[in-house]
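Input: a single structure, listed below in structure tokens.
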Amino acid sequence: MNYCKINGQAFDVSVSISDYDESFNVLDGNNAGRVMTGRMVRDIIGTYIGHKITFFNNGNVTAFDDLWDYLVAHSVDDSVMLEAADGQTSISYEAYYTSGTRRLKRASSGVNFWDELEINFIPMEAQVTP
Amino acid sequence: MSKTKIIYKDVAVGAAEDASVSASGAMAGSVPSKLPDGVSPPPIITLERNAWRLNGRYRARGSHTLAFWSSTLSGEDCMFQASPVITIDFDQQYSSTGITLFFDTATGDHCALVNVKWYQGTSLKADVDFEPDSAEYFCRQTVTSYNRVVVTLKKTSLPYRRAKLDRIMFGVHRSFGMTEIRNASIISDMDLLSAELPVSTSKWTLDSQEDVEYMFQFKQPVETWNDDALICVHYINNSKRTAGGLYDVSCHDAFGVLDETPFPGGVYSGKSAKALLEEILGGDFILDCQAEDTALTGVIRSGTKRGAVQQVLFAWGVCASTFGTEKIRVFSPSSAPTEIGRDRTFPGASVDTAAIVTKVTVTAHTYVQDSNGGVEIDGVKYKDTETVYTVVNPNVTAADKQNVVEVTGATLVSTSIGQSVAQRVYDYYARRSTHKAKIVWRGDRLGDCVTVPNSWGGTVTGNLTRMEVSLSNTVVANCETVGV
């Protein structure tokens, strides 16, 4: 099982993961709202299953930099194909991300040790639709 | 949890009606001319190898119509010694993104190799082999301006089978869900008096998830469904591609199409209104007549078919709508209300009250053939004698402003119905309240008599005359009802 495979490249092999969240969001359309009785009328477009993954530098500086470079390079793509854990298996979906932050933990002998890179992968399409 | 979809009939409009089919290698009893419209036989019992499943669904051929079955069986290698060929010729030229082959859809039996050639005259425009993998298969190939299609059925999917075709459709039906549709809306109007015949419109943006080059063509039908309820059938009016997979599409209803079709006019005496409507429509659209017929006398001047239909409806005293049906529904508005409850009405309902009408006049027309007449229909001149019928509002007070409604151009209103038409017009204008409310749509149709809650604890009853529909999986409509 892959925990973070982006466009077919398994980054969880070379980079460690410190935090891993799976979430789902139900999106309602513009026609949702409350009627005169006060009851909510839903307008369900679909449910989106996404992942927020936090990577950390477990000593492999090059691999951590490669991941950063890869994410930056593909940040201008409409989407990436993400394979991530779901239950006891994994799911693949088209995902986009809009930001990433890493923290400079220390610098030593001319080497920067970056750490804690958190990426929120958001599905392009609903995985579950009415 | 409801679901809305738009079914776009991406077909060459008119091709099925224009198609002339011939075939070689057809089994006796096949009717290839049925291919453009299609047939739907049940699973037919045959002695082809492994074909007859003993599941109780198979039927003897009997009188079931078969569009095309090959006269010979394929061989061990599924190929034919002489491949059956179906040729479709058209009088006009058509464009489509491909053709859809419906093989033996009842059993799932299909061909595995098919060659399709498209010609413009004798010029070969495309020659493509397809390998169908199901009983309904779209042969994707965009070809413009073709007037001949040749389909060669080369190979069956199983050995020792006949090639079978139920239908050839010159295009494909595509279904778009709300994940592919943006900014979809429908504006549908109806005039209870039929003093005009409004064109209903719809527009939507397709954000296509498929790698398909769409070729939206004028008059292609588009059905909008919410679950199993048909909202409307509209026809492509124009489209604009704004990005790779982004298309802005606007459509109008049957009345919009009729507005672009000329009508030469005619002179009628005691003519059945229903027959006259069908004559005007000329088979372009199906009439769903739910009103009692009447006889009309007068003329319809040359113009558009929409204008001609409006004249008939007004004189007949009925209304028409295309909302909620694939036909043109002609009916008398209901007066038995159904309730649209507070559980599907959003807050913010309001009521507009129109000015009082003090008098209505309707001009009836009598046409007599006269070489000096001012009305010319089909090269013959007629003299028009006008008679004015009036209904005065008895409740007008000194404080009321004069407000006279005049109807002068209703050329099918004869003297025999002039007074009753004037009374009908007056009765319509006596209904001065227009109630506006936003509701969750659940199959409501224009013309329905409904009771809708207002914002001050009561209800308003009237007939639905306008719906501005916002499409999503839950359909919401800003409605107008004309009440008393």
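Side chains included, hydrogens not; waters and symmetry mates left out as well; all remaining heavy atoms used.
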B:T474-A:N31 side chain donor-acceptor pair, cut-off 3.5 Å: no

Contacts of residues 113-130 of chain A with chain B (heavy atom under 4.5 Å): A:E125, A:T129, A:P130

B:D211 atom CG: more than 12 heavy-atom contacts under 6.0 Å: no

Contact origin within B:S470 toward chain A - heavy atom pairs under 4.5 Å: both

When A:D28, A:V35, A:I45 are compared by non-hydrogen pairs under 4.5 Å with chain B, the top option: A:V35

Engaged part of B:L471 at the chain A interface, taking heavy atoms whose separation is under 4.5 Å: backbone

Neighbour count above 12 (heavy atom, 6.0 Å) for B:D343 CG: yes

Flag if over 12 foreign heavy atoms under 6.0 Å of CG, A:D69: yes

Residues, nucleotides or ligands: over 12 heavy atoms within 6.0 Å of A:E22 CD: yes

Flag if over 12 foreign heavy atoms under 6.0 Å of CG, A:D78: no

Residues B:S472 and A:D43: side-chain donor-acceptor under 3.5 angstrom: yes

Closest contact, heavy atoms only, B:P347 versus A:R34: CD-O, 3.4 Å

A:Y70 atom OH: more than 12 heavy-atom contacts under 6.0 Å: yes

Choice from B:T4, B:I439, B:V475, B:N473 maximising heavy atom contacts with chain A below 4.5 Å: B:N473

Per-residue contacts, residues 86-102 of chain A versus chain B, heavy atoms under 4.5 Å: none

B:S2, part contacting chain A, at a heavy-atom distance under 4.5 Å: backbone

Spacing of A:N30 atom CG and B:N183 atom CG [to the nearest 0.5 Å]: 8.5 Å

Interchain contact, A:R42 with chain B, by part (heavy-atom threshold 4.5 Å): backbone

